[in-house]
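Numbered from 1 within each chain, the chains take letters A, B, ... in sequence-line order.
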Protein chains: 2
Amino acid sequence: MEDEVDRLLEAWRRERPDLDVTPMEVLSRVSRLARHLDRARSQAFEAHSLESWEFDVLAALRRAGAPYRLSPGRLLKETLVTSGTMTNRVDRLAARGLVERLPDPADRRGVLVQLTDAGRDAVDAAMADLLAHERTLLGSISERDQARIAGVLRELVRPFDLEKH
Amino acid sequence: MEDEVDRLLEAWRRERPDLDVTPMEVLSRVSRLARHLDRARSQAFEAHSLESWEFDVLAALRRAGAPYRLSPGRLLKETLVTSGTMTNRVDRLAARGLVERLPDPADRRGVLVQLTDAGRDAVDAAMADLLAHERTLLGSISERDQARIAGVLRELVRPFDLEKH
DNA sequence: AGGATTTATCTTGATGTCGAGATACTCTAG
DNA sequence: CTAGAGTATCTCGACATCAAGATAAATCCT
């Protein structure tokens, strides 16, 4: 069964028969699937009145474990955004009462961002929903194939994980 | 060998042992890899003074074949952006001399966007570079695995391809 | 033919992000 | 102890995007 990428590659092969476009068989599909997953995620979070970017921050704090407290700097690394963006995100999450800013007792330059109870409840509920939805998406793929593909993707991601140290 | 997603999932399993997070073994890696690919793409295009979004539009026109001419509406569907975005993109590409707007002789509401020679040269060079770079990224994956993973990804994307229209 | 609906594109205002720079504090070397 | 380098966070301006609405033209229906 054909998909959009098959059509895309067919067009390129017609127009540029000199190029070998097979890398796109994998990588274009990764990009397109990721775009679709983003939209699906947004929809899953809508039921919990969370934006994707809100979930990203809350989830990083939740994963950190009690007392659900991280520095903005640490949050940057977890969420791969810049410092200006994180300031903005924390501002909005604090305004919604999902996190609060605490002064870092060990470094007066620093700040700690901590999940409130409401924030924890929100992220826990959203996470359960997200996983349920993702399980549906993967429904047609055998566990064996899922494990295989996860292994290949791990190899593909590794060079990038390494370069940022 | 571990990657960032392994660490992520380990944290979730510690904090929420009640949840089954295995869907993320595949889907989180897809999302993260896509983000890395975006950055890599941007870098590859830098040598040609193209932004990713510029390439997306030029590539859609290039794929269409001579005379490299599409309506804005058609470009929306190819690039998955909104009409306001496309107006903006075409404006900028026209200002750079990479495309030009022509009136549609068959529909006076309509416009046709056409690649200039400079636009065609730019996208052809960028495409060759992009593929070279992508081939490097996939270097460690056997052709057999690439074909396998492409097949699984095609299945995962299909539901999304279907739902639009 | 004429009025209503649909279609194609552009305009506008809001949003989230980035990147560069500012500020305040900490650490290190001498 | 202090000067300089380094670090953590925030501020600000620019930018690409989206969503909703405006405009204009084509198409449909009676």
Whole angstrom is fine here: how far is it from [atom1] in [X] over to [atom2] in [N]?
X	N	atom1	atom2	value
A:Leu93	C:dG16	CG	P	11 Å
B:Leu76	D:dT17	CG	C1'	13 Å
B:Asp38	C:dT17	CG	P	15 Å
B:Leu80	D:dT17	CG	C1'	14 Å
A:Met86	D:dT9	CE	C1'	12 Å

Per [X] side chain, nearest of listed nucleotides [options]:
X	options	result
B:Thr87	D:dC18, C:dT11, C:dC18	C:dT11
A:Arg109	D:dC10, C:dC25, C:dC10	C:dC25
B:Ser83	D:dC10, D:dA20, D:dA26	D:dA20
B:Arg92	C:dC10, D:dA16, D:dA25	D:dA16

Presence of [X] side-chain N/O under 4.0 Å of [N] phosphate oxygens OP1/OP2:
X	N	answer
B:Arg101	C:dC10	yes
B:Thr85	D:dC18	yes
B:Arg89	D:dT17	yes
B:Arg108	D:dA24	no

Sugar-phosphate, base or nothing in reach of B:Gly73, heavy atoms under 4.0 Å: sugar-phosphate
Touch class at under 4.0 angstrom, heavy-atom based, for A:Asn88 against every strand present: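 Base: the residue A:Asn88, judged by heavy atoms under 4.0 Å, touches a nucleobase.
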Presence of salt bridge, A:Glu25 and A:Arg13, under 4.0 angstrom: yes
